[in-house]
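Heads up: the structure comes next, in structure tokens.
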Amino acid sequence: MLHYTQMSLDRASQQRKDSNWLNTQKTTNSRWLLIHQDKNLFSADLQKLQLLLWPSVAHLNTDDAVYIGHQDELHYFVLDVSNIDPDEVSDLSAGGTFEDMRKVGPKLNGFEASIGVLARGMCYWHKTHVFCGRCGTANKPYEGGHTRRCQNSECRHITFPRTDPAVIMLVTHTFDDGIERCLMGRQESWPEGVYSTLAGFVDPGESLEQAVLREVEEESGIIAEDAQYIASQPWPFPSSLMLGFIAKAKTTEISVEQDELQDAKWFSRAELNTFAEWGDDTPGFKLTRRDSISRYLVEYWRALGE
């Protein structure tokens, strides 16, 4: 199962509209996830999320806490503490540490990884939607933090959490030598040697399949066809949903636009077997992170050849 896709909490979409119900849950079997400057609170050994009990946060203003759901009689809340006193933040994190979820996420079990990225994504959305997108008036969180409502009585526009759809695709072709290869590229900012599947955001007015074919051509010059959906993965870094595809290449000559990719190459399954892992210090080619849908697509394709 893809990492970050095991969010098994009941989101209580009806109950969370009741502020009295929410206030009761805050003080009854609640668990609190803290976010500070887009970083999650983890245990000191970075092996699990640090979940606080109500007494640890009761002195804070929890009016804007986000309710993310309940399971096994436990109710989970998220609180962004980026704007409180640094000494207070230090006290709250005693025994733990704030760290980037992209660094720690692969180490977590599926459930904690999933609620951790949900917490990060929701806090980022609130942070970047403080004002109404229609009239510019300040808005406030409602429904347990799952909507924001404009405070202008003549507007009252309701904003919902934003997710940006992005396609990510493994393009394959069987060459004249009878060997099937996949197309992978790299950006200059990535660690040396890392190659990944191609990806890009979906434009307004196009289907996912159209986005796959367009992005492949824009990034590599390859004309592709037969885009087939495989799987999806939430990727709130900061707010994407990755939609994974495999497509067939009609052409094979690569033409890379430097503002899109630094390089792109065709790789056989045998060549992929020689790749090192993301983060390895060894020279040569490297695979993407194990928690990414890019890696999932690569492994999916490799398994087809077994």
Side-chain angles (χ1 to χ4, degrees), residues 1-5 106 165-203 206-233 235 240-280 282-306:
M1 183 178 292
L2 274 162
H3 218 46
Y4 310 123
T5 62
V167 290
I168 182 166
M169 45 279 177
L170 188 71
V171 180
T172 68
H173 182 80
T174 301
F175 285 73
D176 292 340
D177 59 6
I179 297 176
E180 187 180 25
R181 294 176 173 85
C182 69
L183 178 67
M184 300 179 71
R186 63 169 278 106
Q187 296 181 10
E188 187 175 7
S189 61
W190 293 352
E192 186 64 31
V194 171
Y195 277 74
S196 175
T197 51
L198 307 188
F201 288 104
V202 180
D203 279 351
E206 70 179 351
S207 69
L208 300 178
E209 291 80 4
Q210 289 172 325
V212 168
L213 305 186
R214 174 184 56 78
E215 284 288 346
V216 170
E217 184 175 5
E218 287 180 359
E219 293 196 347
S220 68
I222 298 295
I223 306 299
E225 62 182 354
D226 192 26
Q228 299 293 320
Y229 172 78
I230 302 299
S232 65
Q233 181 185 41
W235 196 253
S240 295
L241 173 65
M242 307 303 295
L243 300 142
F245 288 79
I246 285 185
K248 298 291 186 180
K250 296 173 63 177
T251 64
T252 59
E253 185 175 348
I254 297 171
S255 176
V256 170
E257 293 289 340
Q258 291 297 318
D259 60 344
E260 294 279 353
L261 294 175
Q262 181 190 44
D263 187 34
K265 297 181 184 294
W266 291 102
F267 296 102
S268 67
R269 291 180 174 89
E271 288 172 320
L272 290 179
N273 290 337
T274 68
F275 278 34
E277 291 288 338
W278 172 289
D280 286 356
T282 55
F285 297 122
K286 299 176 179 65
L287 294 167
T288 50
R289 297 155 42 119
R290 288 189 174 275
D291 64 331
S292 68
I293 190 172
S294 171
R295 181 64 174 270
Y296 179 89
L297 291 173
V298 169
E299 299 299 342
Y300 177 92
W301 177 71
R302 291 168 78 177
L304 292 178
E306 294 179 353

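Everything numeric here is computed off the predicted structure, so don't read it as measured data.
Residues satisfying the side-chain contact (heavy atoms from CB on, under 4.5 Å) test with L208, not counting sequence neighbours, are V167, V202, L243, F245. In this structure, the side-chain contact (heavy atoms from CB on, under 4.5 Å) partners of K265, at least two apart in sequence or on a different chain, are Y195, D263, F267, F285. Partners of E299 according to the side-chain contact (heavy atoms from CB on, under 4.5 Å) rule, which considers only residues two or more places apart in sequence or in another chain, are L287, R295, R302.
The structure places CZ of R181 at 6.5 Å from CD of E271, a figure rounded to the nearest 0.5 Å. Separation of atoms CD (E206) and CZ (R214) is listed at 4.0 Å; rounding is to 0.5 Å. Here CD of Q233 is found 12.0 Å from CE of M1. Values are rounded to the nearest 0.5 Å. Note that CD1 of I230 is 9.0 Å distant from CD1 of I293, once rounded to the nearest 0.5 Å. Going from atom CG of L297 over to atom CG of L198 covers 11.0 Å, rounded to the nearest 0.5 Å. For the atom pair OG1 (T251) and NE2 (H173), the distance works out to 8.5 Å, reported to the nearest 0.5 Å.
Closest non-hydrogen pair, P106 versus H3, comes out as CA-NE2, 3.8 Å. Minimum heavy-atom separation, P191 to W278: CD-CH2, 3.8 Å. Nearest heavy atom pair, residue L272 against residue C182, reads CD1-SG, 3.9 Å. In terms of heavy-atom proximity, A264 sits nearest to I254 at O-CD1, 3.5 Å. Annotation for K248 and V171: closest pair C-CG1, 4.3 Å, computed over non-hydrogen atoms. Summarising the geometry of G185 relative to W190, their closest heavy-atom pair is O-CZ3, 3.3 Å, with the distance given to 0.1 Å.
A donor-acceptor pair under 3.5 Å links the side-chain atoms of D177 to the main chain of I179, judged by distance alone. Without hydrogens or angle criteria, S294 side chain to T197 main chain gives a donor-acceptor distance under 3.5 Å. When atom types are taken as modelled, the side chain of T288 and the backbone of S196 share no donor-acceptor pair closer than 3.5 angstrom. Counting only distance, with no hydrogens or angles, the side chain of W266 and the backbone of T252 share a donor-acceptor pair below 3.5 Å. Panel note: side chain K286, backbone G279; no donor-acceptor pair is recorded below 3.5 Å.
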- request: I would like to know whether I223 and E217 meet side-chain contact (heavy atoms from CB on, under 4.5 Å); could you show each step before the answer?
  value: CA-CA 6 Å; I223 306 299; E217 184 175 5; 3.4 Å; yes
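The shortest distance between side-chain heavy atoms of Y4 and S292 does not fall below 4.5 Å. Between L304 and E180 the shortest side-chain heavy-atom distance does not fall below 4.5 Å.
Cation-pi geometry between R269 and W301 is met: under 6.0 angstrom from the ring centre, within 45 degrees of the axis.
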